[in-house]
Amino acid sequence: MDKKTLSNIFKGDKVIWMIFFFLCIISVVEVFSASSGLTYKSGSYFSPLIKHLGILLMGIFCMVITLNIKCKYFKILTPFMLVISFITLIWVFFAGQSTNGAQRWVSFIGIQFQPSEIAKGTLVLATAQILSALQTDHGADKNAFKFILIVCAFIVPLIGLENLSTAALLCLVILLMMVIGRVPMRQLGKLMGVTLVLILVIFAGVMLLGTDRGDVETSKNMTEQVAQQKKDEGLLGKIFHRADTWKSRIDKFTSSKEVTPAEVDLDTDAQVAHANIAIASSNVVGKGPGNSVERDFLSQAFSDFIYAIIIEELGVEGAVAVAVLYIMLLFRTGRIASRCENNFPALLAMGLALLLVTQALFNMCVAVGLAPVTGQPLPLISKGGTSTMINCIYVGVILSVSRSAKKKGEPGQGETKTEVSITE
């Protein structure tokens, strides 16, 4: 394959490509190492790795297709994606497949996926289009705020019913996009006040209707039975059927009680306990790739808690390097956005970068005990199906913006063309 062919495939910002490939390399190594439980169940040492590589290759294929789409065409997709997102979220609410007590999956022609992953990008796309369409010389028109809230009202609550942390992170991203899009601070201030009240109402509902699993010493299976009973109680029960899990996580995170090793309940606290052991046993420099011990005991070591395995194997320097890659992704996207002449591609690229980076930082905080346990995977590194594919498409959109969005200083028709490189 000659240089010209490679340049035709790997279009767009070269720094973004480098960051993406570094994350993919880390993903392949760490998922292979952390999948010992899956290896034991499947009876094949390479089966989890082959499956993960297949998903990554499919993701890269989708990314290459996406980056070859001019960013102006993404606007056309917005209404269709909003309808698809809303229908699939309603579908998962009433007939979704349950995993660990949460209905987050639906199957279509044999393909299982999470509608929330699609809805996140769709909401960012819609927000970018609204903000760009209603920009004035003095910032965003006041109606932009209203339209964004209307769109969010149809998407965010449906995501929050099954994945509260995803909904919260998505709201944070939309808020940051509105700040970047120069929505009047007065409107944002009112939104923050209403949001605070809403958080307090949700928190009160969870604490009143939920039951701490540790208090009643229930097992994971019993928790799922309780969740099912809540669903059977009617609409209110269906809405708060995850209240037990949420309350349990809040209580554990806010508890100041010193827990001795003998008091650790491995039925309910195994993830946190083994993640802490993995981090503590890294001895700063790490044990080396493939030498993790806690992967055999840590549930979801290849997904939600893969950052703990990274620390155990690669040490503090490896953990910092991973965090730096995500920060570089955000700053590089910001550089690309700052060179866009039009608002839509700039806002879209920044929104998707914020979506990836905020989720990554939150996953890291969970792994090191700075945030309550949630089901957030580490983007582009954790083993996954829908999330990996969609995240690759997000990167593809950023690359599309870097190559096809009109740059500041580009000549118009009839002017002498001067080469302007966005990859400088």
Side-chain angles (χ1 to χ4, degrees), residues 1 4-31 49-78 80-81 84-85 111 113-114 116-125 128 173 322 325-326 328-337 340 344-360 377-405 422-423:
M1 188 177 291
K4 185 176 181 180
T5 304
L6 284 173
S7 63
N8 287 333
I9 295 175
F10 302 113
K11 298 175 183 178
D13 189 80
K14 299 302 185 288
V15 176
I16 297 292
W17 271 110
M18 289 176 61
I19 294 170
F20 174 76
F21 277 121
F22 275 126
L23 290 173
C24 285
I25 291 169
I26 294 170
S27 175
V28 170
V29 173
E30 293 303 321
V31 167
L49 177 63
I50 293 172
K51 183 178 179 180
H52 182 59
L53 279 172
I55 293 172
L56 269 180
L57 290 174
M58 282 295 297
I60 293 173
F61 176 75
C62 293
M63 185 172 72
V64 171
I65 292 177
T66 304
L67 71 87
N68 280 283
I69 301 173
K70 291 185 178 181
C71 59
K72 64 182 181 180
Y73 293 118
F74 294 128
K75 290 183 178 182
I76 302 173
L77 293 175
T78 304
F80 301 103
M81 294 303 299
I84 292 171
S85 297
I111 301 174
F113 66 96
Q114 293 188 68
S116 61
E117 293 294 330
I118 300 173
K120 289 191 301 182
T122 300
L123 192 54
V124 169
L125 177 63
V173 170
V322 171
L325 285 173
Y326 287 108
M328 286 177 61
L329 175 64
L330 181 62
F331 276 90
R332 188 62 186 180
T333 305
R335 185 176 177 85
I336 293 169
C340 292
F344 172 70
L347 288 167
L348 178 59
M350 282 304 299
L352 294 177
L354 286 167
L355 200 60
L356 291 169
V357 175
T358 53
Q359 181 177 328
L378 190 58
L380 301 172
I381 291 183
S382 292
K383 184 180 185 298
T386 310
S387 60
T388 299
M389 298 280 288
I390 298 298
N391 289 335
C392 287
I393 292 174
Y394 292 164
V395 176
V397 173
I398 295 172
L399 289 170
S400 172
V401 170
S402 74
R403 64 172 288 269
S404 64
I422 203 166
T423 60

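Just so you know, residue 1 is the first one in the sequence shown, and it goes up from there.
- Counting all heavy atoms, side chain and backbone alike, S400 lies closest to C71 at OG-N, 3.6 Å.
- Rounding to the nearest 0.5 Å gives a distance of 9.5 Å between CD1 of I69 and OG of S404.
- Contacts classified as side chain to side chain donor-acceptor pair (under 3.5 Å) and involving residues 18-28 (residues at least two apart or in different chains) are given here: S27-H52.
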Evaluate T122 against I84 for side-chain contact (heavy atoms from CB on, under 4.5 Å), listing each step before the verdict. CA-CA 9 Å; T122 300; I84 292 171; over 6 Å; no
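- The nearest pair of heavy atoms linking P377 to S387 is CG-OG, 4.4 Å.
- For the pair A128 and L348, the tightest heavy-atom approach, listed with the atom from each and the gap, is CB-N, 3.7 Å.
- Taking F21 as the reference, F10, W17 meet the ring pair (Phe, Tyr, Trp, His ring centres under 6.0 Å) condition, with sequence neighbours excluded.
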Step by step, would you call S402 with I16 a side-chain contact (heavy atoms from CB on, under 4.5 Å)? CA-CA 9 Å; S402 74; I16 297 292; 6.0 Å; no
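- Side chains of V397 and M63 form no contact here, defined as non-hydrogen atoms less than 4.5 Å apart.
- Put simply, the side chain of I398 does not reach to within 4.5 Å of the side chain of Y394, judged on heavy atoms.
- If you take CD on Q114 and CE on M389, they are separated by 13.5 Å, rounding to the nearest 0.5 Å.
- For E117, the salt bridge (Lys or Arg N to Asp or Glu O under 4.0 Å) partners two or more places apart in sequence, or in a different chain, are K120.
- Atom CZ of F61 and atom CD1 of I65 lie 3.5 Å apart (nearest 0.5 Å).
- Rounding to the nearest 0.5 Å places CZ of R403 at 12.5 Å from CD1 of I336.
- Listed for the T66 side chain is no donor-acceptor partner under 3.5 Å among the backbone atoms of G396.
- The shortest side-chain heavy-atom distance between L399 and K11 does not fall under the 4.5 Å cut-off.
- Considering all non-hydrogen atoms of both residues, L329 and I19 come closest at N-CD1, 3.6 Å.
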Between F331 and V15, does the side-chain contact (heavy atoms from CB on, under 4.5 Å) criterion hold? Intermediate values first, please. CA-CA 11 Å; F331 276 90; V15 176; over 6 Å; no
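- Here the CG atom belonging to N391 is positioned 12.0 Å from the SG atom belonging to C62, to the nearest 0.5 angstrom.
- Scanning both residues, C392 and I60, for their nearest heavy atoms gives SG-N, 4.2 Å.
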From CA spacing to verdict: side-chain contact (heavy atoms from CB on, under 4.5 Å), I26, L325: CA-CA 11 Å; I26 294 170; L325 285 173; 3.9 Å; yes
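- Contact of the F74 side chain with the V401 side chain is not registered, since no non-hydrogen atoms from C-beta on lie closer than 4.5 Å.
- Atom CG of residue D13 and atom CG of residue L67 lie 11.5 Å apart, to the nearest 0.5 angstrom.
- In this structure, K14 contributes its side chain and G12 its backbone to a donor-acceptor pair below 3.5 Å.
- Residues A346 and A337 approach most closely at CB-O, 3.5 Å, considering heavy atoms.
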